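Inspection log for the structure reproduced underneath, given as structure tokens.
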Amino acid sequence: LNALEQTDVELADEVIVFDDEIDQSYLAIEEGIQSLLARQTPVAVDLRLVLAILHNNLHLERMADYCVTIAKLTKLVKDVPQDDTILEGFEEMGTRAEEMIRVALDSFRDRNAQRAESLVDLDELIDRANRRVVGHVLSLGSDLALREWGLRMIIVSRCLERIGDNAVDIGE
């Protein structure tokens, strides 16, 4: 989002490159879990924990993929005029998404189901912001360049909304 707001193509490229590290971490965790399952055969509570870690690993990797999509869209619209209202919506959505990720991971670490349940309410706030962004894009008018930017920003908004959904899935 910083790259988008500042139209910083180099920062967008860093996000894209960093995804390779995320993918390597994802694969390393997955392989470690497969090895653990093959060698240790955990049961009951231990097995549920291992499966939950595998589940969370997938959701975190997907979140990184959404960040890459946002970075790629940033590069596509670097020379197109922006709309401050939409960028402000993204700032709110990004802040909430970051909070949701933190709550999801902390809840998992602490085994705090009550805190994890709060993610549903936080997700509704991101969903509302997503609807506001889409509504604003639809009202941009006849400026073709701004409408093109706005249409791409609907995808950015959807990515942020999906990041929130993945945090909720971790909480669940």
Side-chain angles (χ1 to χ4, degrees), residues 1-27 29 55-108 115-172:
L1 288 177
N2 289 337
L4 177 64
E5 183 180 329
Q6 300 163 14
T7 58
D8 186 338
V9 174
E10 289 178 18
L11 183 55
D13 284 334
E14 286 180 37
V15 170
I16 293 166
V17 169
F18 186 63
D19 186 55
D20 290 339
E21 290 181 38
I22 299 292
D23 290 343
Q24 289 172 359
S25 294
Y26 167 79
L27 289 173
I29 291 169
H55 176 81
N56 293 349
N57 189 41
L58 177 63
H59 286 291
L60 291 169
E61 193 277 332
R62 284 181 181 162
M63 288 182 205
D65 289 343
Y66 287 122
C67 293
V68 168
T69 299
I70 293 169
K72 287 179 178 178
L73 288 166
T74 296
K75 293 174 68 169
L76 288 175
V77 298
K78 65 179 171 49
D79 297 324
V80 181
Q82 297 181 337
D83 180 272
D84 290 338
T85 301
I86 292 174
L87 291 176
E88 289 169 10
F90 290 161
E91 185 175 335
E92 175 189 346
M93 292 175 78
T95 299
R96 295 214 187 278
E98 186 177 353
E99 176 187 5
M100 289 179 71
I101 294 166
R102 198 171 299 113
V103 167
L105 294 176
D106 289 350
S107 297
F108 180 74
R115 187 138 190 250
E117 289 172 0
S118 74
L119 288 163
V120 175
D121 294 331
L122 293 172
D123 188 50
E124 180 55 35
L125 297 174
I126 285 187
D127 292 346
R128 280 190 221 154
N130 179 47
R131 289 189 293 273
R132 281 194 307 273
V133 166
V134 170
H136 187 74
V137 168
L138 295 175
S139 72
L140 286 177
S142 61
D143 182 336
L144 290 177
L146 193 53
R147 277 195 305 186
E148 175 189 346
W149 183 81
L151 290 173
R152 294 181 194 275
M153 294 307 101
I154 288 175
I155 298 169
V156 170
S157 186
R158 179 70 177 147
C159 287
L160 292 168
E161 190 270 334
R162 290 298 303 143
I163 289 170
D165 289 345
N166 277 280
V168 170
D169 287 343
I170 289 172
E172 289 174 350

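This structure is a prediction, so every number in the text was calculated from the model and none was measured.
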Determine whether Val80 and Arg152 satisfy the following criterion, side chain to side chain contact (heavy atoms under 4.5 Å, CB included), listing intermediate values before the conclusion. CA-CA 11 Å; Val80 181; Arg152 294 181 194 275; over 6 Å; no
Residues passing the side chain to side chain donor-acceptor pair (under 3.5 Å) test with Asp165, sequence neighbours excluded, are Arg162
Ignoring hydrogens, what is the shortest heavy-atom contact between Lys78 and Val9? Give both atom names and the distance. CD-CG2, 3.4 Å
Any Phe90 side-chain heavy atom under 4.5 Å of Ile70 side chain: no
Any side-chain heavy-atom pair from Cys67 and Ile163 closer than 4.5 angstrom? yes
So, Thr95 side chain and Glu91 main chain: donor-acceptor pair closer than 3.5 Å or not? yes
Assess the residue pair Leu4 and Leu73 against the criterion (side chain to side chain contact (heavy atoms under 4.5 Å, CB included)); give the C-alpha distance rounded to whole Å, side-chain angles, the decisive distance to 0.1 Å, and a yes or no. CA-CA 8 Å; Leu4 177 64; Leu73 288 166; over 6 Å; no
Hey, what do you get for OG (Ser157) to NE2 (His136), rounding to the nearest 0.5 Å? 12.0 Å
List for me each residue that meets side-chain contact (heavy atoms from CB on, under 4.5 Å) alongside Gln6, sequence neighbours excluded, and say none if there are none. Asn2, Asp8
Can you list the steps and then say if Leu58 with Tyr26 is a side chain to side chain contact (heavy atoms under 4.5 Å, CB included)? CA-CA 7 Å; Leu58 177 63; Tyr26 167 79; 3.7 Å; yes
Close side-chain approach of Ile126 to Leu122, heavy-atom, < 4.5 Å: no
Please identify each residue that fulfils side-chain contact (heavy atoms from CB on, under 4.5 Å) with Arg128, with sequence neighbours left out. Glu124, Leu125, Arg131, Arg132
Give, for atom CD1 of Ile101 and atom CG of Asp106, the distance between the pair rounded to the nearest 0.5 Å. 11.5 Å
Taking the side chain as every heavy atom from C-beta outward, state whether Arg96 and Leu160 have any pair of such atoms under 4.5 Å apart. no
Quick one: are Asp65 and Asp19 in side-chain contact, heavy atoms under 4.5 Å? yes
Supply the atom-to-atom distance Glu61 CD to Asn57 CG, rounded to the nearest 0.5 angstrom. 8.0 Å
Nearest heavy-atom contact between Ser142 and Arg147 is O-NH2, 4.2 Å
In plain terms, say whether Glu99 and Arg102 are close enough for a salt bridge, that is, a side-chain N and a carboxylate O under 4.0 Å apart. no
CZ of Arg115 to CZ of Phe108: how many Å apart, nearest 0.5 Å? 15.0 Å
Gln82 side-chain N/O to Val77 backbone N/O, donor-acceptor pair under 3.5 Å: no
Do the side chains of Glu148 and Leu144 get nearer than 4.5 Å, heavy atoms only? no
Among residues at least two apart in sequence or on other chains, which ones pass side-chain contact (heavy atoms from CB on, under 4.5 Å) with Leu60? Met63, Leu105, Ile170
Test: ring pair (Phe, Tyr, Trp, His ring centres under 6.0 Å). Region: residues 153-172. Which pairs qualify, not counting sequence neighbours? none
The test is side chain to side chain contact (heavy atoms under 4.5 Å, CB included); show your working for Lys72 and Val68 and say whether it passes. CA-CA 6 Å; Lys72 287 179 178 178; Val68 168; 3.7 Å; yes
Nearest heavy-atom contact between Asn130 and Arg158 is OD1-N, 3.9 Å
Can you tell me how far the CD1 atom of Ile86 sits from the CE atom of Met93, to the nearest 0.5 Å? 11.5 Å
Beyond-backbone contact of Asp169 with Glu172, side-chain heavy atoms, under 4.5 angstrom: yes
Taking every heavy atom of Ala116 against every heavy atom of Ser107, the minimum-distance pair comes out as N-OG, 3.3 Å
Leu11 and Ala3 have their tightest heavy-atom pair at CD2-N, 3.6 Å
Which heavy-atom pair separates Ser118 from Val103 by the least distance, and what is that distance? OG-CG1, 3.9 Å
Hits for salt bridge (Lys or Arg N to Asp or Glu O under 4.0 Å) against Arg62, two or more places apart or cross-chain, chain-then-number order -> none
Evaluate the side-chain proximity of Lys75 to Asp13: yes if any heavy-atom separation is below 4.5 Å, no if none is. yes
The reported gap from CG in Asp123 to CG in Asn166 (rounded to nearest 0.5 angstrom) is 10.0 Å
